[in-house]
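The next block holds one structure in the form of structure tokens; read it before the comments.
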Amino acid sequence: MEKCVIETKGLTKRYGSVTPLDRMDLRIREGEWVSVMGPSGSGKTTLLNILSFLDVPTEGEYRLAGVDVSTLSEKERVVARREKIGLIFQQFHLIPYLTALENVMLAQYYHSLSDAGEAGAMLEMVGLGHRAGHLPSQLSGGEQQRVCIARALINDPVLILADEPTGSLDQENEGVVMDLFKKLHARGHTLVVVTHDVDVGRMAERRIVLSHGHMVSPHPTLGAEEQYTDELLELLEKNQEAGGREGAADGALPPFGGLTQPLLHRMEQEGLVAVSGGRVALTETGAEAARERVRRHRLAEALFMGVLDQGPNQGQEAACQFEHLLSPSMADGICAFLRHPKTCPHGKPIPPGRCCGNASRES
Ligand code: ADP
Ligand code: MG
């Protein structure tokens, strides 16, 4: 049997009449990368707090690396957290009177021995080598968050728990952090990442979606392969839209639970992509299919965020689940209903469809 790092049975948390976590059975294998998504208030933070022993469940079992956590004393829990878990939580503040380097070294000190060389190298890894001597107050929010990430990773924890790790980062720094996660995953660390960001969520091998403290199936009516094919087409199209003319490096595509290579092979046979020299590019047929996907996605966003007023996070997530269910004629129906919008709520272009032919389009 495969080794589980996290195993919960009937895990439940109640606060009076509120049950943010409701009989959750969760198994996460060693080395797995799992993203946890779901609307705000669905219990994501509660789950991570319990998984990191910051909170205790009202009922249910939690085994970390085979050890029943309820049998540990408070002191043993602190030691287990320090040795096994790297926490990347937004509310975990840095010590204001210590520099970035010293904040990272302090985590080393509590674990074993501090080593300025290693701490500095970890800051380099998160792109902050040149800021090592700065105090938290001299760093931007995104930089502080990266110091927290360096601090969480410095002791090489087997399990990394992150709550919205890219929440306050710009695109470039989000890329830095995602690359770091890819490296950690490749080195065999187990990652559990709570995120609202669909692109960050997609990087994981498996996605868990929470709703009212329960796990729900992310796309109930679609098989994983169909959904991943849609997502691969979309990613390749966005890559080309962003100027990646020569195609994407196939190693940079999400793993999709190990399905990426077989899916690319099938898409190649279907004439949707061309693969050569480790790069994947859309064929003309593929580009057309992809534009249709991007169109559906952005129309769904325009509907949920623009019209149904679902706020950026919920709207984006709803759109992400809904787009896969849209038939071409439904997409045209939404497009007409929205009076053939030219751009999505993020200002990205919506590729025109057949229905947009004679209609004047709104931006
Ligand atoms: P998420 O991280 O998905 O946004 P949370 O896990 O923070 O959700 O919260 C889930 C639900 O539990 C919310 O309805 C929240 O109000 C409630 N909750 C969380 N912590 C407490 C607490 N300490 N006391 C009472 N209710 C809480
Ligand atoms: Mg939360």
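Computed from a predicted structure; not experimentally measured. Ligands are counted one by one from 1 in listed order, and the atoms in each one are counted from 1 as well.
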How close does the nearest protein non-hydrogen atom get to [atom], and which residue and atom is it?
atom: atom 1 (P) of ligand 1; answer: G41 N, 3.4 Å
atom: atom 17 (C) of ligand 1; answer: V18 CG1, 4.1 Å
atom: atom 7 (O) of ligand 1; answer: T45 CB, 3.7 Å
atom: atom 8 (O) of ligand 1; answer: G43 N, 3.3 Å
atom: atom 9 (O) of ligand 1; answer: T46 OG1, 3.8 Å
atom: atom 27 (C) of ligand 1; answer: Y15 CD1, 3.3 Å

Between [X] and [Y], does any side-chain N to carboxylate O distance fall below 4.0 Å?
X: R207; Y: E231; answer: yes
X: K9; Y: D25; answer: no
X: R354; Y: E288; answer: no

* How long is the span from the CD atom in E164 to the NE2 atom in H196, to the nearest 0.5 Å? -> 5.5 Å

* Measure the SG-CG distance between C356 and D332 for me, rounded to the nearest 0.5 Å. =>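 Going from SG on C356 over to CG on D332, the span is 7.5 Å.
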
* Is there a protein heavy atom at a distance of less than 4.0 Å from atom 5 (P) of ligand 1? ->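 Looking at atom 5 (P) of ligand 1, one finds that a protein heavy atom does lie closer than 4.0 Å.
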
* **atom 15 (C) of ligand 1 protein-contacted, heavy-atom criterion under 4.0 angstrom** => no

* To do: Search all heavy atoms of T343 against all heavy atoms of G347 and return the closest pair with its distance.
  => CG2-O, 3.9 Å

* For ligand 1, is there an atom lying under 4.0 Å from some heavy atom of G38? -> no

* Asked: Hey, is ligand 1 close enough to K44 that some N/O pair sits below 3.5 Å?
  -> yes

* Listed once per pair and sorted, the ring pair (Phe, Tyr, Trp, His ring centres under 6.0 Å) pairs that draw on residues 135-188, sequence neighbours left out -> W33-H185

* Structure fact -> Residues at least two apart in sequence or cross-chain that pass side chain to side chain contact (heavy atoms under 4.5 Å, CB included) with K183, listed by chain then number, are M125

* To do: Applying salt bridge (charged side-chain N to carboxylate O under 4.0 Å, His left out), name anything that partners D22, two or more places apart in sequence or on another chain.
  => none

* Taking the Mg ion (ligand 2) as the centre, how many protein N/O/S atoms fall inside a distance shorter than 2.8 Å? ->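 If we list every protein N, O or S atom nearer than 2.8 Å to the Mg ion (ligand 2), we get 1.
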
* Passes side chain to side chain donor-acceptor pair (under 3.5 Å), T195 versus D197? Steps please. -> CA-CA 5 Å; T195 184; D197 189 307; 5.4 Å; no

* side chain to side chain donor-acceptor pair (under 3.5 Å) between H297 and E301, intermediate numbers included -> CA-CA 6 Å; H297 183 111; E301 276 181 352; 3.1 Å; yes

* Find all atoms of ligand 1 within a distance of less than 4.0 Å from any non-hydrogen atom belonging to P20, and give their numbers and elements. =>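 Going through ligand 1 atom by atom, the ones under 4.0 Å from P20 are 10 (C), 11 (C), 12 (O).
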
